[in-house]
Visitor: 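Structure incoming, see below.
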Amino acid sequence: MTMPMIAGVATAQAPDQRRGDQRSAFEARKTGRSLPLREIEARVIPTMRGAQYIGVDYDSGSAIYTLKFLRDGTVIWVDVDGRTGQIVGRTDR
């Protein structure tokens, strides 16, 4: 399996799984079970001063968005509860 590179970081999800997660995220947002990605991004990105936003993953089982940032050569993952918009974990703390 070829692993795509995003800003020098390999992602481990297969294309079919990413499409399934995107579909799950869309359905969760449409039915009100999850906030829209744009709202999640609007809450989190401003808090990441000095970091470059490089992408997002969505786990449909837990409704967790994982936003990925790059700062000073270090990747930072920020986990956000898609139902509430609350940050539930960060790798840089």
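Quantities reported herein were computed from a predicted structural model and do not represent experimental measurements.
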Visitor: Passes side-chain contact (heavy atoms from CB on, under 4.5 Å), Tyr53 versus Val44? Steps please.
Guide: CA-CA 10 Å; Tyr53 179 49; Val44 176; over 6 Å; no
Visitor: Between Thr66 and Trp77, is there a donor-acceptor pair closer than 3.5 Å when you use the side chain of the first and the backbone of the second?
Guide: no
Visitor: Of all the heavy-atom pairs spanning Gly50 and Arg71, show the shortest one and how long it is.
Guide: O-CG, 3.5 Å
Visitor: Kindly work out whether a path of hydrophobic side-chain contacts (I/L/V/M/F/W/Y, heavy atoms less than 4.5 Å apart) joins Ile45 to Val80.
Guide: yes
Visitor: Answer whether the closest heavy-atom distance between the side chains of Asp92 and Thr74 falls below 4.5 Å.
Guide: no
Visitor: Look up atom OG1 in Thr91 and atom NZ in Lys68, then write down how far apart they are to the nearest 0.5 Å.
Guide: 11.5 Å
Visitor: Between Arg90 and Ile87, what is the shortest heavy-atom contact and its length?
Guide: CG-CG2, 4.1 Å
Visitor: Where is the tightest heavy-atom contact between Phe69 and Ala51, given as atom of each residue plus distance?
Guide: CB-CB, 3.9 Å
Visitor: Could you give the distance from CD (Gln52) to CD1 (Ile76), rounded to the nearest 0.5 Å?
Guide: 11.5 Å
Visitor: Is Arg43 close to Leu35 at the side-chain level, that is, under 4.5 Å between some pair of heavy atoms?
Guide: yes
Visitor: So which of Val56, Val78, Asp79, Asp57 actually passes side-chain contact (heavy atoms from CB on, under 4.5 Å) with Tyr65?
Guide: Val56
